[in-house]
Enquirer: 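Input: one structure, supplied below.
Just follow the structure's listing: the first ligand is 1, and inside any ligand the first atom is 1.
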Amino acid sequence: MAARLVIFGRQGAGKGTQCEFLTRHYGAVHISTGDMLRAAAASGSELGIRAKSFMDAGQLLPDDVMVGVVQERLAASDVTDQGFLLDGFPRTVPQAEALCALVEVDLAVNLDVAEEVVRDRMLARGRTDDTPEIIGERLAAYSAQTVPTIAWFAAQGRLVTVDGVGEPTEVSARLVAAIDGRLGQ
Ligand code: AMP
């Protein structure tokens with residue numbers, strides 16, 4: 001069965017590593033809206049030029065723009081054949097409502113790492129785009145908009161929360177146990 005999953009997690013929660021693992025494990029297509037927008041910005045497309053100013057400020061793009069981007073990607077045959085792991089979308093309740101009107105989502109997974117922990121990790125990385133201000137902006141957007149989106153899936157009985165602290169292999173095992181437990185595999 002093609003899995004249709006959404007993954008939530010703060011930046012710095014190890015979501016990239018776990019997405020690589022999960023897409024291999026379930027054979028699903030990894031759809032990262034951040035990667036798509038960064039590729040668009042690098043190509044200099046109209047979307048990319050618009051996206052860059054939001055991304056540089058750590059702010060979210062408008063919902064209608066993001067829904068359009070994701071809708072197009074979800075319609076491609078690799079995704080309809082193999083299922084998907086959506087990473088970075090939805091980030092707001094209107095995006096979640098739009099997504100679930102477009103496709104069936106089996107389960108949302110919350111890779112949970114506390115805000116203080118990811119803040120320290122990101123500051124320790126010391127990347128030039130990770131200034132304390134931008135990190136603060138991203139975490140504030142996550143608390144204000146994405147935490148309520150996670151609650152939206154929970155209210156529908158379609159959320160599992162997995163502790164994201166630990167060795168990557170340990171966290172991967174927890175994710176598979178939680179997902180398979182809920183999808184009845
Ligand atoms: P990410 O790599 O997922 O953290 O995304 C990088 C940046 O792209 C975010 O900080 C936002 O500016 C933008 N972005 C990615 N996905 C979305 C989304 N679903 N809604 C709004 N903005 C997004």
Enquirer: Any atoms of ligand 1 less than 4.0 Å from a non-hydrogen atom of Gly88? List them with their elements.
Expert: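 Going through ligand 1 atom by atom, the ones under 4.0 Å from Gly88 are 16 (N), 17 (C), 18 (C), 19 (N).
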Enquirer: Taking the side chain as every heavy atom from C-beta outward, state whether Leu102 and Val70 have any atom pair closer than 4.5 Å.
Expert: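 Answer no - side chains too far apart.
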Enquirer: Pick whichever of Met55, Arg91, Gln145 has a heavy atom sitting closest to atom 4 (O) of ligand 1.
Expert: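 Residue with the shortest heavy-atom distance to the ligand atom: Arg91.
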Enquirer: Quick check against the 3.5 Å criterion: does Thr23 have a side-chain atom that pairs as donor or acceptor with the backbone of Val29?
Expert: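 Between the backbone of Val29 and the side chain of Thr23 there is no qualifying donor-acceptor contact (under 3.5 Å).
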Enquirer: Pick, from Lys52, Met66, Arg38, the option with the minimum heavy-atom distance to atom 6 (C) of ligand 1.
Expert: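 Considering heavy atoms of Lys52, Met66, Arg38, the nearest to atom 6 (C) of ligand 1 sits in Arg38.
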Enquirer: Apply the side-chain contact (heavy atoms from CB on, under 4.5 Å) test between Phe89 and each candidate in Ile7, Val69, Val6, Val67; give the one that qualifies.
Expert: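 Exactly one candidate clears the test, Val67.
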Enquirer: For Glu115, check side-chain hydrogen bond (donor to acceptor under 3.5 Å, both in side chains) against everything at least two apart and list the hits.
Expert: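 Glu115 satisfies side-chain hydrogen bond (donor to acceptor under 3.5 Å, both in side chains) with Arg119, Ser143 only.
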Enquirer: Taking side chain as C-beta onward, heavy atoms only, is Tyr26 less than 4.5 Å from Val176?
Expert: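 Tyr26 reaches Val176 side chain to side chain.
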Enquirer: Under 4.0 Å from a heavy atom of Leu60: give me the atoms of ligand 1 that qualify, with their elements.
Expert: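 It comes down to these atoms of ligand 1: 21 (C), 22 (N).
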Enquirer: Between ligand 1 and Pro90, is the shortest N or O to N or O distance under 3.5 Å?
Expert: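 It does not: no N or O of Pro90 is found under 3.5 Å from an N or O of ligand 1.
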Enquirer: Among all protein heavy atoms in this structure, tell me which lies nearest to atom 14 (N) of ligand 1, with the distance rounded to 0.1 Å.
Expert: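 Here the closest protein heavy atom is Leu37 CD1, 3.5 Å.
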Enquirer: Near Phe89, which atoms of ligand 1 are under 4.0 Å from a heavy atom of that residue?
Expert: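 Going through ligand 1 atom by atom, the ones under 4.0 Å from Phe89 are 19 (N).
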Enquirer: Are any of the N/O atoms in Thr33 less than 3.5 Å from those in ligand 1?
Expert: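 Looking only at distances, the answer is yes, because the N/O contact criterion of under 3.5 Å is met.
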Enquirer: Just need the protein heavy atom nearest to atom 21 (C) of ligand 1, so name the residue and atom and give the distance.
Expert: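 Residue, atom and distance for the closest contact: Leu61 N, 3.2 Å.
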Enquirer: Hydrophobic clusters join Ile, Leu, Val, Met, Phe, Trp and Tyr when side-chain heavy atoms are under 4.5 Å apart, directly or via other members; which others share one with Val117?
Expert: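 Val117 clusters with Val113, Val118, Met122, Leu123, Ile135, Leu139, Val165.
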Enquirer: Tell me: protein heavy atom nearest atom 20 (N) of ligand 1, and distance?
Expert: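 I find the closest protein heavy atom is Gln95 NE2, 3.0 Å.
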Enquirer: Got more than 12 heavy atoms from elsewhere within 6.0 Å of CZ, Arg50?
Expert: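 Atom CZ in Arg50 is not crowded, with 12 or fewer foreign heavy atoms closer than 6.0 Å.
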Enquirer: In plain terms, say whether Asp130 and Arg121 are close enough for a salt bridge, that is, a side-chain N and a carboxylate O under 4.0 Å apart.
Expert: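 Looking at Arg121 together with Asp130, the answer is no, because their closest N to O distance does not fall below 4.0 Å.
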Enquirer: Tell me, which protein residue and heavy-atom name are nearest atom 11 (C) of ligand 1, and how many Å apart are they?
Expert: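 Residue, atom and distance for the closest contact: Gln59 O, 3.5 Å.
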